[in-house]
Number of protein chains: 4
Amino acid sequence: MTEREDLLVGNFPIVPKQKRAQQKRNALLESGRILFIDKGYEQTTAKDIAAHAGVATGTFYRYFSDKRQLLMSLLEDKIEEFFPPEPSWSTPDPVSFIAKMLEDHGKRLNKFGLHRVLQELLPKDPELAEAISEARRKIHSRIYSGLKQAFEKGWTWKDLDFDTVSWSIMTLVENAHEKEVQDGGHVDYYQLAKVICRMVFPPEVHKE
Amino acid sequence: MTEREDLLVGNFPIVPKQKRAQQKRNALLESGRILFIDKGYEQTTAKDIAAHAGVATGTFYRYFSDKRQLLMSLLEDKIEEFFPPEPSWSTPDPVSFIAKMLEDHGKRLNKFGLHRVLQELLPKDPELAEAISEARRKIHSRIYSGLKQAFEKGWTWKDLDFDTVSWSIMTLVENAHEKEVQDGGHVDYYQLAKVICRMVFPPEVHKE
Amino acid sequence: MTEREDLLVGNFPIVPKQKRAQQKRNALLESGRILFIDKGYEQTTAKDIAAHAGVATGTFYRYFSDKRQLLMSLLEDKIEEFFPPEPSWSTPDPVSFIAKMLEDHGKRLNKFGLHRVLQELLPKDPELAEAISEARRKIHSRIYSGLKQAFEKGWTWKDLDFDTVSWSIMTLVENAHEKEVQDGGHVDYYQLAKVICRMVFPPEVHKE
Amino acid sequence: MTEREDLLVGNFPIVPKQKRAQQKRNALLESGRILFIDKGYEQTTAKDIAAHAGVATGTFYRYFSDKRQLLMSLLEDKIEEFFPPEPSWSTPDPVSFIAKMLEDHGKRLNKFGLHRVLQELLPKDPELAEAISEARRKIHSRIYSGLKQAFEKGWTWKDLDFDTVSWSIMTLVENAHEKEVQDGGHVDYYQLAKVICRMVFPPEVHKE
DNA sequence: TATGAATGAGCCTTCATTCAT
DNA sequence: GATGAATGAAGGCTCATTCAT
C-alpha cells in the first residue's frame, strides 16, 4: 500500500510510522467510511468524523488535509474492488462461473459501501470522476477483449457487437449488487448469469 | 403517485393563482433546474437561484419553503420522464421498436438532466429515495407483466426468469443515456435493442 | 469620496446606496477604527467589530470582504491626513508658520489614530507598505522642491543637502505627534519649528 | 534596567545550567529571532521556532513559557543595542564623530533586526511598551545632559531648547537606519551628522 | 407581495499549550 | 529531559432563513 499511497492522495501529513498513529489513522478512516455511508459526504463534517473516532477535531487534521483526502485514502485502497474480475467464457460452465463472480463482486461492493458516496461526489470532483472513468474504461476493455477471443473461437453470436455487449455486461454487473438494497429482495445471480450468457452465446453453444 | 405527491412536496406556499406569480414560480423552478445541473444541489444556494431568476432572495421563500421543496416540485412535474414506456413485444419489429424507445427515453432523460442531482440527494433524503424506489417498482412491474404476456404467447425463452430479465432491461434502459456522457461515444441503440431482445426471445422467434 | 472608493479597496460588496446601509457601514468603520487602535489589528476579530457596531457577524461581511479591507477603507479616506502640508519658506515668519503646521498635523494624526496599526501591518502587507512608501515619497519630493526653491533664492545654507534635510524634516514632522504620547509631555512645536528652520537657514537669513 | 529585567521576562523555567541545555536555548532564541524578522511575530508559531531550531514542540516550552517570553529574552540581551552611544560634542571633529556613530548604530540596529517586531508588539504589550519607553527616556536624558554640558561650555546656540533638540537628535538617529530600507537608497551619514550639528552649534563654533 | 439587509448557527481550519511515553 | 501527538478554543467565513420596510 505504501507505494501507491500518493496515487490519488498526495502524501500530505506524514506517513504515520508509529503503531498508535496508524491505529488512529485507521479509526478515522473507518469512522469516515461509516459516516459517509450513513449520512452522505456533504452531511458529514470533519468534526463528526473526529468525534466518531473518539479524537479531537484538530487530530483529524494531523492525519488528513481535509474530508476529501480522507475519502481519497479510503478509495485508494479499495478502488480495485470496483473492478469485477474478467468473466471467463472458456469455462466448462460459464453460467456458474459468472454467477459466482457476480455474487463475490456484489458482496465486495456491499461491504465497501461507498458507491453511493461516489455518486454524490462525481459531479463536483472532476479528478475523482476521471479516476473512476479510467477504471471503467479498463473494465470495459477487459470484457471487450474477452468477448473478442470467444468470438474468434466461434463461440458467440456471429453478429456480436462487442462494444454494446461489453457495456451491457459491465452495467449489469455494476448494478447487480444494488438490486438487493433497492427492492429488499435478493438477486438471483444464477439467473442473471444466464441472461448475460444469452447476450453472448447462441443456444447451441450454450449446451456445449 | 398522485396521492403521495403533496406528501413529497408539502402544500406549503399555496399554488399561486395570479399569472405573475406563476411566471415567477416557473422562473425559479427553471433557474433551480439549471443551477442544480450545473453546480450540483449542495453547491447551489437559494440566493443563487433567486438571483438567476431575477428576483430577491426573500421571494424565493414565498414560493418554496426551501431548496429541497423546489427540487421536489421540479421532480413532481417530471418524475414521469423517468418511466421508460413499456416495451411492446408484440410488434412486427420489436428490435426497432425498442431501439426507438431507448433513444427517445435517453433524449428525454438528458433533457431532464436531474439524474445526477438525484444521486446526490438519495443518501440524505429517504423520502425521495422511497419515491424513486416506488417509481422503479412500477416500471419493473410493467416490464414484468409485458414479459409475462409474451411468455404466455409462447414467444420467449421457456425458462425466462421474469424478475431477472425485467430488472436487466430496466437497468440497461436507465443507464443507456449515461453511456454517451461517459465515454463521449454515442450509443448504438439498435445494437442495445438487439441485446435486449436476445435476453427475451430465442433466435427462432426473433426471425418471426 | 465616492470617486476614490476603489483606490485601495476594490469595490467588493456593493457600494451601499441606502442611507441605512451607509450608516451601518460607517458604524462598522468606526468600530473597526476604535478596536484596531485599542487592541491592535491582529487582536481584533471581525466578530469583535461587528459586535461593537451592534450588528451580527454576517453583516460585517456584507460590507467588507474582510478585516483588511475594512482597514483599507479606513485608510483610503484618511491617507491624505498623513501628508503634512508643504512647509512654506517664503513666509514672513517661517518658524511660526511651521510651528502652526506641525501642531495642526499632529492633531490630525492623533485624531486619526491608526499610525500604530499601520506599523503593525507594514511588515506583512506589502501592498499597503507600497502605498505608504508611495505617500512618503510624495511628501519627500514636495519638501525637497520647496527647499530647492528656497535655495535658489539664496535663503538657505549654501551647502544644503536637499535629500538629507528633506528626510530629516519629514522624519521630525512624522514623529512629532508621537512625542506627546510617548513622554506624556507636550511638544513645544515652536521650538521644533525653530530647529527645523536652523537646519535650513543660516542665522543671518533667519532674522530677515 | 537590570532590576526590572526579570520583571519583563519572568523567571519561569530556570536558567538552565547544563551546556547542552544552554545550546538548545540559544538555538531557540536564534531561530525565534530569524523567524520573527522574516515572517513577523504573529505569523511565527512556537512550532515553527522549535522546528527551525531542530527540537520538538514540547521542548520549546521547557525553555520558554511562551512565544512572548522568548521575544523578551531576545530583547533583554540586546536592548542596549537600541541605545545610540552618547554623541560627544567635545571632539575635534564632531561631525565625523557623529557620522561614525550614526553608521555604527545603524549597522547594529540592522543586524539586530527586531525593530519591526517591536512595532508589531507595542500596541498589545503595555509592559514592553513601558520598557521601551523607559529606554527612550534614558537615551533622551543622556543626550540632554550632553547638550547641557556643551551649552555650559558656550558652544551651542544660546537659545538651545535642550528637550526639543535632544528629541530631534534621538528621532533622527532612531530612524536613520530605516531610510536605507525605505527608499532603497543609502543614507549619507555625514550629511545627516552635519544637520544634527547645525541644530546644536551656531556656524562660528562649527568652524572651530 | 417583493425586497434584500440582517441574522447567527455552524463549518473549516489553525495553533498555543498540555501530556503520555 | 525530550518528544510530538493530542487537544480544543477561537477565528474566518458562508448561507439558509427571517423580517422590517
Side-chain angles (χ1 to χ4, degrees), chain A residues 13-14 16-25 42-51 53-68, chain B residues 13-14 16 18 20-21 24 42-51 54-68, chain C residues 13-14 16-18 20-25 28 42-51 53-68, chain D residues 13-14 16 18 20-21 24 42-51 54-68:
Chain A
I14 325 133
K17 272 125 195 166
Q18 280 69 35
K19 204 165 45 170
R20 270 295 183 82
Q22 254 317 339
Q23 284 171 355
K24 214 155 261 185
R25 194 186 131 97
E42 287 293 342
Q43 277 58 45
T44 303
T45 73
K47 207 176 179 178
D48 289 341
I49 299 174
V55 301
T57 317
T59 305
F60 178 95
Y61 290 94
R62 170 167 296 283
Y63 293 99
F64 303 97
S65 59
D66 56 18
K67 223 171 40 168
R68 183 180 180 274
Chain B
I14 317 134
Q18 280 73 31
R20 274 289 187 84
K24 244 166 222 182
E42 286 294 340
Q43 279 60 42
T44 302
T45 73
K47 204 176 177 181
D48 288 341
I49 299 173
V55 301
T57 318
T59 306
F60 178 96
Y61 288 90
R62 179 159 300 283
Y63 292 99
F64 303 97
S65 59
D66 56 21
K67 221 169 46 163
R68 181 179 179 274
Chain C
I14 322 133
K17 273 123 193 165
Q18 280 72 33
R20 270 293 182 85
Q22 256 315 342
Q23 284 172 353
K24 213 154 264 184
R25 194 185 132 97
L28 282 166
E42 287 294 341
Q43 277 58 44
T44 303
T45 73
K47 209 173 176 178
D48 290 341
I49 299 173
V55 301
T57 317
T59 304
F60 178 95
Y61 289 95
R62 170 167 297 283
Y63 293 100
F64 304 96
S65 60
D66 55 20
K67 224 169 43 168
R68 182 180 180 275
Chain D
I14 317 133
Q18 279 70 33
R20 274 287 187 86
K24 244 166 222 182
E42 286 293 341
Q43 280 61 43
T44 303
T45 71
K47 202 176 177 181
D48 287 342
I49 299 172
V55 301
T57 319
T59 306
F60 178 96
Y61 288 91
R62 179 160 298 283
Y63 293 98
F64 303 97
S65 61
D66 57 20
K67 220 167 49 164
R68 181 179 179 275

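The analysis underlying the following values was restricted to heavy atoms, covering all of them including side chains, and did not include hydrogens, waters or symmetry mates. Lettering of chains follows the sequences in order, A, B, ..., and the numbering in each one begins at 1.
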Does [X] make a side-chain N or O approach to OP1 or OP2 of [N] shorter than 4.0 Å?
{"X": "C:Arg62", "N": "E:dA5", "answer": "yes"}
{"X": "D:Thr59", "N": "F:dT3", "answer": "yes"}
{"X": "D:Lys24", "N": "F:dA2", "answer": "yes"}

Between [options], which nucleotide has the shortest distance from any of its atoms to the side chain of [X]?
{"X": "A:Thr45", "options": "F:dG4, E:dC12, F:dA16", "value": "E:dC12"}
{"X": "A:Lys67", "options": "F:dG4, E:dT13, E:dC12", "value": "E:dC12"}
{"X": "A:Ala56", "options": "F:dT7, E:dT13, F:dG12", "value": "F:dT7"}
{"X": "A:Tyr61", "options": "F:dA5, F:dA2, E:dC12", "value": "E:dC12"}
{"X": "B:Val55", "options": "E:dT3, F:dT17, E:dT17", "value": "E:dT3"}
{"X": "D:Tyr63", "options": "F:dA6, E:dT1, F:dA2", "value": "F:dA2"}
{"X": "B:Ala46", "options": "F:dT17, E:dA5, F:dA2", "value": "F:dT17"}

Legend entry - Residue pair A:Ala56 / A:Ala50: nearest heavy atoms and the distance that separates them: O-CB, 3.6 Å
Inset, instruction - Measure across D:Tyr61 and D:Ala46 and return the closest heavy-atom pair with its distance rounded to 0.1 Å. - result: OH-CB, 3.6 Å
Legend entry - From CZ (A:Arg62) to NZ (A:Lys24), nearest 0.5 Å: 10.0 Å
Legend entry - Residue met sooner reading DNA chain F from 5', once A:Gly58 and C:Thr44 are mapped to nucleotides: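 On the 5' side of the pair lies A:Gly58.
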Inset, instruction - Take A:Phe60 and A:Ile49 through the side chain to side chain contact (heavy atoms under 4.5 Å, CB included) test and state the conclusion after the steps. - result: CA-CA 8 Å; A:Phe60 178 95; A:Ile49 299 174; 4.0 Å; yes
Nearest-Å distance, [atom1] ([X]) to [atom2] ([N])?
{"X": "A:Glu42", "N": "F:dC15", "atom1": "CD", "atom2": "P", "result": "11 Å"}
{"X": "C:Gln23", "N": "E:dA5", "atom1": "CD", "atom2": "C1'", "result": "14 Å"}
{"X": "B:Lys47", "N": "E:dG4", "atom1": "NZ", "atom2": "C1'", "result": "8 Å"}
{"X": "D:Asp66", "N": "E:dC15", "atom1": "CG", "atom2": "C1'", "result": "13 Å"}
{"X": "A:Arg25", "N": "F:dG4", "atom1": "CZ", "atom2": "C1'", "result": "18 Å"}
{"X": "D:Phe60", "N": "F:dG1", "atom1": "CZ", "atom2": "P", "result": "17 Å"}
{"X": "A:Phe64", "N": "E:dC12", "atom1": "CZ", "atom2": "C1'", "result": "17 Å"}

Inset, instruction - Measure from the side-chain N and O atoms of A:Lys67 to the backbone N and O of A:Thr44, and report whether any donor-acceptor pair falls under 3.5 Å. - result: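 Here the side-chain-to-backbone pair exists.
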Inset, instruction - For D:Gln43 and for A:Asp48, locate the closest nucleotide of DNA chain E by heavy-atom distance; then report the residue assigned to the nucleotide nearer the 5' terminus. - result: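 Comparing both residues, the 5'-ward one is A:Asp48.
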Legend entry - Paired nucleotide for E:dC11 [Watson-Crick or G-U wobble; both distances under 3.5 Å]: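 Pairing partner: F:dG12.
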Legend entry - Any strand: nucleotide that pairs with E:dT21 via Watson-Crick or wobble, under 3.5 Å: F:dA2
